[in-house]
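Each remark here refers to the structure printed beneath this line.
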Number of protein chains: 2
Amino acid sequence: MKTTTAALPPSGDPGSGSPDDTALTSALTASRALLGVIARSLAPVMDTVTLPQFRVLVVLSNFGPLRMGDLAQHVGANQSSFSRFADRMVAGGLIARSASPGSRREVIISLTAEGARVYAEVTGARKKEIALVLEKLSDAELDAVRAGFEVFARAAGEPSADETLILGI
Amino acid sequence: MKTTTAALPPSGDPGSGSPDDTALTSALTASRALLGVIARSLAPVMDTVTLPQFRVLVVLSNFGPLRMGDLAQHVGANQSSFSRFADRMVAGGLIARSASPGSRREVIISLTAEGARVYAEVTGARKKEIALVLEKLSDAELDAVRAGFEVFARAAGEPSADETLILGI
DNA sequence: TGCAATATATGTACTATGACAAGTATGAAG
DNA sequence: CTTCATACTTGTCATAGTACATATATTGCA
């Protein structure tokens, strides 16, 4: 029997770690801060492109023109669905279909100038947002940020393209 | 005339900043790393809830039970649309409708245990992912990360709830 | 009581996404 | 040239999200 489950109290952060992992706490807080940055940078284009569509822009920006099927695979889409999905993006002026030089049955998808602009708008905004934060800092603080972030990024490694695509960023 | 715009070459990061802003570069790299973390933490639940639905879980986790209309406002949804949106989440066992003690026309939405579990799964995974990165580090490196992230988070400030909701995180 | 305001639910309609099957055009192998 | 595989397109259908207008229930106030 599936009775309506009872209400639960709010919980900002579930479970506080051991008292000595201040680095974990700091990392979580910083991750929220960076999320804010990312979200703000993405917001302005969200009425031009949907998140799944932005995924495509990311892939094409990083890999260059791709065959339709390969592109579908990269974003984890069904190939047959993807054709009409591409139609919408073509209609939106974000991508372009072109014939493959090698084979007439292949269709190459590439960014249009507009598609590239949308992508650049987001990454540019992200950069600007972060710069805005950093310019509040003293030289010593900047150095601390640089050192800490470098260490973390090195340890975390670059996320695979497919991983970040989950969010479409 | 809007002819099909030509293909553009790939561009990983558009525009490199001035040579001295290594902190900016580090921050951008770290932001990508954290994005990977966030994306990985979100991936497992993406077949249980959609991103808009996860937004609701986030809001309810942070604010506790809310009236339907207030909840709709928090996630930026049209009130009349939201009723059926809530239907789906109720059907999915993620939230529950209950009568307001004060007024019989008000409907209070609260997380079910399952809804709270899904939210906790994501935040828990995020925490675990970050811990996994940090445990590779030496004490000195941990200290650098803690210091750098603390400075950055303080300068960036907590993102507003509405801001992070853009991404549904 | 009666009326206006409030809170939610429903009718209707549209777009985006996405799955599956079937069709069409092209290329490659024999 | 026939046949099979490849690459994309199209038909069909189902679901999610969202909007606008309208209906229903409830409350508060005159």
Side-chain angles (χ1 to χ4, degrees), chain A residues 4 43 45-60 65-110 115 118 165-168, chain B residues 4 43 45-60 65-110 115 118 165-168:
Chain A
T4 330
V45 305
M46 291 295 277
D47 45 295
T48 308
V49 290
T50 63
L51 226 43
Q53 289 179 1
F54 191 72
R55 271 189 257 245
V56 171
L57 299 188
V58 173
V59 171
L60 290 176
L66 287 174
R67 291 191 324 184
M68 173 152 277
D70 293 342
L71 181 53
Q73 270 208 316
H74 271 294
V75 301
N78 186 297
Q79 284 205 0
S80 48
S81 310
F82 195 79
S83 189
R84 259 165 309 204
F85 181 88
D87 286 345
R88 280 192 293 272
M89 291 192 71
V90 169
L94 298 163
I95 61 173
R97 278 184 170 90
S98 56
S100 167
S103 167
R104 261 189 305 177
R105 66 181 156 179
E106 292 176 2
V107 174
I108 304 295
I109 303 286
S110 47
V118 169
L165 280 179
I166 295 167
L167 286 178
Chain B
T4 329
V45 304
M46 290 295 277
D47 45 293
T48 308
V49 291
T50 63
L51 226 43
Q53 289 179 1
F54 191 74
R55 272 189 256 244
V56 171
L57 300 187
V58 173
V59 171
L60 290 174
L66 288 174
R67 291 192 323 184
M68 173 150 277
D70 293 342
L71 181 53
Q73 271 208 316
H74 271 293
V75 300
N78 186 297
Q79 286 204 356
S80 47
S81 310
F82 196 78
S83 189
R84 260 164 309 201
F85 179 87
D87 286 345
R88 282 191 293 271
M89 291 192 71
V90 169
L94 298 163
I95 61 174
R97 278 186 170 91
S98 56
S100 167
S103 168
R104 263 189 303 176
R105 67 181 155 178
E106 292 177 1
V107 173
I108 304 295
I109 303 285
S110 46
V118 169
L165 281 178
I166 295 168
L167 287 178

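All chains are named by letter (A, B, ...) in the order of the sequence lines, taking the proteins before the strands, and each is independently numbered beginning at 1.
Rounding to whole angstrom units, CD of residue A/Gln73 and C1' of D/dC8 are separated by 14 Å. Counting to the nearest Å, the C1' atom of C/dT8 and the CD1 atom of B/Ile109 are 10 Å from each other. One atom, CG of A/Leu71, and another, P of D/dA7, lie 14 Å apart when rounded to the nearest Å. Rounding to whole angstrom units, CZ of residue B/Phe82 and C1' of D/dT18 are separated by 12 Å. Between A/Asp70 atom CG and D/dT6 atom C1' there is a gap of 12 Å when expressed in whole angstrom units. In this structure, the CG atom of B/Asp47 is 16 Å from the C1' atom of D/dA16, given to the nearest Å. If you measure from atom CG of B/Asp87 to atom P of D/dG17, you get 12 Å, rounded to the nearest angstrom. We find that CG of A/Leu51 is positioned 11 Å from P of C/dG18, with the value rounded to whole Å.
Contact check, A/Arg104 against C/dG27: a side-chain N or O comes under 4.0 Å of OP1 or OP2. Under 4.0 angstrom from either OP1 or OP2 of C/dA19 there lies no side-chain N or O belonging to A/Gln79. Using a 4.0 Å cut-off, some side-chain N or O of B/Arg97 falls inside it from OP1 or OP2 of C/dA9. For C/dT17, one of the phosphate oxygens OP1 or OP2 lies less than 4.0 angstrom from a side-chain nitrogen or oxygen of A/Arg88.
Taking 4.5 Å as the limit, some side-chain heavy atom of A/Phe82 sits within range of a side-chain heavy atom of A/Val75.
Side-chain atoms of B/Ser80 and base atoms of D/dA21 include a donor and an acceptor less than 3.5 Å apart. In this model, no side-chain donor or acceptor of B/Thr50 finds a partner on the base of D/dA16 within 3.5 Å.
The heavy-atom pair separating A/Met89 from A/Gln53 by the smallest distance is CE-O, 3.4 Å. Closest non-hydrogen pair, A/Glu106 versus A/Ser100, comes out as OE1-OG, 3.2 Å. Here the shortest heavy-atom pairing between B/Arg97 and B/Met68 reads NH2-CE, 3.9 Å.
Heavy-atom nearest nucleotides on DNA chain C were determined for A/Gly76 and for A/Ser103, and the one closer to the 5' end corresponds to A/Gly76.
Using a 4.0 Å heavy-atom criterion, one finds that A/Phe85 contacts the sugar-phosphate atoms exclusively. Within the 4.0 angstrom heavy-atom criterion, base atoms lie near B/Arg84.
For A/Asn78, the side-chain atoms get nearest to C/dA19 when compared with the rest of D/dT18, C/dG27, C/dA19. Taking every side-chain heavy atom of B/Ser83 into account, C/dA9 is the closest of D/dC8, C/dA9, C/dT8. The nucleotide whose nearest atom lies closest to any side-chain atom of B/Arg105 is, among C/dT8, D/dT26, D/dT18, D/dT26.
Between A/Leu66 and the options A/Val59, A/Val56, A/Ile108, a side-chain contact (heavy atoms from CB on, under 4.5 Å) holds for only A/Val59.
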